[in-house]
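Per chain, numbering begins at 1; letters A, B, ... match sequence-line order. What you are looking at is a predicted structure, and each value in this text was computed from that prediction instead of being measured.
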Amino acid sequence: MEFTISVDYPFSLEYSLESGQAFRWQNTGSWWVGVVAGRVLKMRQEGDLLRCASGSDDVDASFVRDYFKLDVRLEDVMASIMRDENVTKAVQTFYGLRLLRQEKWECLASFVLATNANIPRIRGMIQALCARYGKPLQFEGIEYHEFPGPEALSMAPIPELRECGLGYRAEFLRQVARSVDEGRVDFSELSMMGYEDARAALLRKLPAGKVLPGVGLKVADCALLYSFDMDEAFPIDVWVARAVSKLYPDLARAAVAKTFASPHSKLSARDYERLSARLRSYFGPFAGYAQQYLFMAARSEGTPQGGAPKRTPTSRGR
DNA sequence: GTCCAACCTGTATC
DNA sequence: AGATACAGGTTGG
């Protein structure tokens with residue numbers, strides 16, 4: 001199935017796919033190829049045209065429009081978050097960046113894996129998991145894999161998961177998979193709640209322990225922002241914390257001063273809460289978009305490593 | 001309630 | 001070559 005979508009609104013395929021929301025897209029020269037909801041999707045942007053191809057015939061324009069949230073009026077979003085020149089600049093630099101509407105399970109699982117890892121590593125873990133547990137898909141003579149469902153992962157032996165490079169995250173992922181598989185969290189219920197309630201539900205503790213171990217404030221915010229359409233969620237990772245402390249010292253104040261005081265102390269739960277609440281009220285109902293633009297800006301600027309690869313490939317010379 | 005070290009491991013950097 | 005630092009944090013003490 002091949003089709004074209006015309007875009008007469010702000011949209012950048014590249015920025016949207018490279019903004020660290022989704023981990024499975026690959027740039028193969030002139031095309032982006034990803035697996036979305038069990039379908040291989042190949043895309044490229046040519047000015048105001050979006051060329052799409054997929055092996056599945058149920059992948060059509062509305063499928064793509066849904067995933068990229070193309071019906072969101074980004075002009076309105078931008079206008080609403082541009083409260084000062086910092087965001088304004090980031091919004092202009094990454095003009096057309098949109099939040100995606102990802103699959104809920106994949107998104108939650110991915111961000112459980114993302115803790116204390118960097119993006120190349122996260123991609124590697126997910127790639128390995130998909131290759132091992134995901135249903136194979138063929139497209140243009142190449143094999144791809146679905147993201148494995150909760151059922152498959154809940155049964156996976158821990159050593160096997162570790163072989164995928166998960167490390168200590170293996171236990172978390174399996175338990176999360178089990179909780180989802182056994183219905184202790186219900187995504188359709190969550191999606192009907194407000195942001196605060198949904199987040200509380202994700203963080204829920206039972207007498208037996210956490211329903212979703214490995215899901216803390218930041219992971220919950222990512223899941224809600226990237227797959228539940230909760231645009232006010234404002235995940236704060238180290239990059240955003242850096243950006244915010246630099247650009248909004250008044251908002252960040254106590255919280256981040258502490259973070260920088262000692263070498264690698266992270267934001268405490270309390271500071272995270274306080275800071276993200278302030279940022280939500282500062283940026284408004286689309287605060288999550290502001291977060292994404294600021295994240296991109298921070299990464300493109302002060303990258304200790306990992307932002308713009310300035311190195312030539314080390315083919316392990318010898 | 002809050003603070004802190006420990007946690008796997010790939011990659012970059014020295 | 002070998003060591004160390006650091007990653008889109010969370011957990012248990």
Side-chain angles (χ1 to χ4, degrees), chain A residues 18-23 99-100 102 107-129 158-176 199 202-205 208-226 233-245 254-256 258-276 279 288 291-318:
Chain A
E18 278 191 334
S19 58
Q21 314 172 55
F23 300 104
L99 293 180
L100 308 173
Q102 300 186 56
C107 186
L108 179 63
S110 296
F111 282 96
V112 167
L113 300 181
T115 66
N116 209 16
N118 53 25
I119 289 179
R121 170 115 194 259
I122 300 164
R123 296 174 64 95
M125 291 188 271
I126 293 173
Q127 165 58 34
L129 275 181
I158 295 297
E160 249 182 60
L161 291 174
R162 282 177 174 260
E163 282 171 25
C164 297
L166 304 202
Y168 64 88
R169 302 165 193 80
E171 311 262 7
F172 293 162
L173 181 66
R174 192 171 72 170
Q175 186 52 49
V176 168
R199 194 178 63 167
L202 286 173
L203 299 175
R204 184 162 56 116
K205 260 186 230 172
K210 283 204 66 171
V211 175
L212 303 174
V215 178
L217 290 164
K218 192 269 180 182
V219 172
D221 274 337
C222 287
L224 294 175
L225 179 61
Y226 300 137
F234 199 106
I236 305 175
D237 55 51
V238 296
W239 292 99
V240 172
R242 275 178 208 148
V244 167
S245 69
V256 182
K258 209 182 305 172
T259 303
F260 285 140
S262 60
H264 32 259
S265 85
K266 323 267 178 171
L267 225 48
S268 71
R270 180 157 184 270
D271 289 338
Y272 184 106
E273 280 280 34
R274 248 210 321 226
L275 181 53
S276 69
L279 290 162
Q291 178 270 161
Q292 207 64 27
Y293 286 106
L294 293 173
F295 174 73
M296 287 290 270
R299 277 189 70 88
S300 69
E301 277 178 33
T303 151
Q305 37 103 335
K310 313 179 189 182
R311 269 167 37 79
T312 54
T314 11
S315 54
R316 68 174 203 81
R318 256 241 101 235

>> For C:dG9, does the base pair up with any side-chain atom of A:Tyr168 as donor and acceptor (N or O, under 3.5 Å, distance only)?
In response: yes
>> From the set B:dC3, C:dT11, B:dC7, return the single nucleotide nearest to any side-chain atom of A:Pro213.
In response: C:dT11
>> Side chain of A:Arg162, heavy atoms from C-beta onward: which of C:dT11, B:dC8, C:dG9 has the nearest atom to it?
In response: B:dC8
>> Can you check the distance between B:dC8 and C:dG13, where both ends of the measurement are the P atom (answer in whole Å)?
In response: 14 Å
> Would a line drawn from the ring center of A:Phe111 to the ring center of A:Phe23 be shorter than 6.0 Å?
Replying inline: yes
> What is the base-pairing partner of C:dA7, counting Watson-Crick and G-U wobble geometry with both distances under 3.5 Å?
Replying inline: B:dT9
>> Rounding to an integer number of angstrom, what distance separates C:dT4 and B:dA6 when you compare their P atoms?
In response: 16 Å
> So, is A:Lys210 near the phosphate of C:dT11, with a side-chain N or O under 4.0 Å from OP1 or OP2?
Replying inline: yes
> CG of A:Leu217 versus P of C:dT11: gap in Å, rounded?
Replying inline: 9 Å
> If you check the A:Val219 side chain, which of B:dC3, C:dT11, C:dG9 turns out closest?
Replying inline: C:dG9
>> Can you identify which nucleotide, out of B:dC8, C:dG9, C:dA7, has its nearest atom closest to the A:Arg242 side chain?
In response: C:dA7
> How far does the P atom of B:dA5 sit from the matching atom of C:dA5, given to the nearest Å?
Replying inline: 14 Å
>> As a test of reading the structure: which of C:dA7, C:dT10, B:dT9 is closest to the side chain of A:Val238, going by heavy atoms?
In response: C:dA7
> Nearest of B:dT2, C:dG9, B:dC8 to any side-chain atom of A:Arg121?
Replying inline: B:dC8
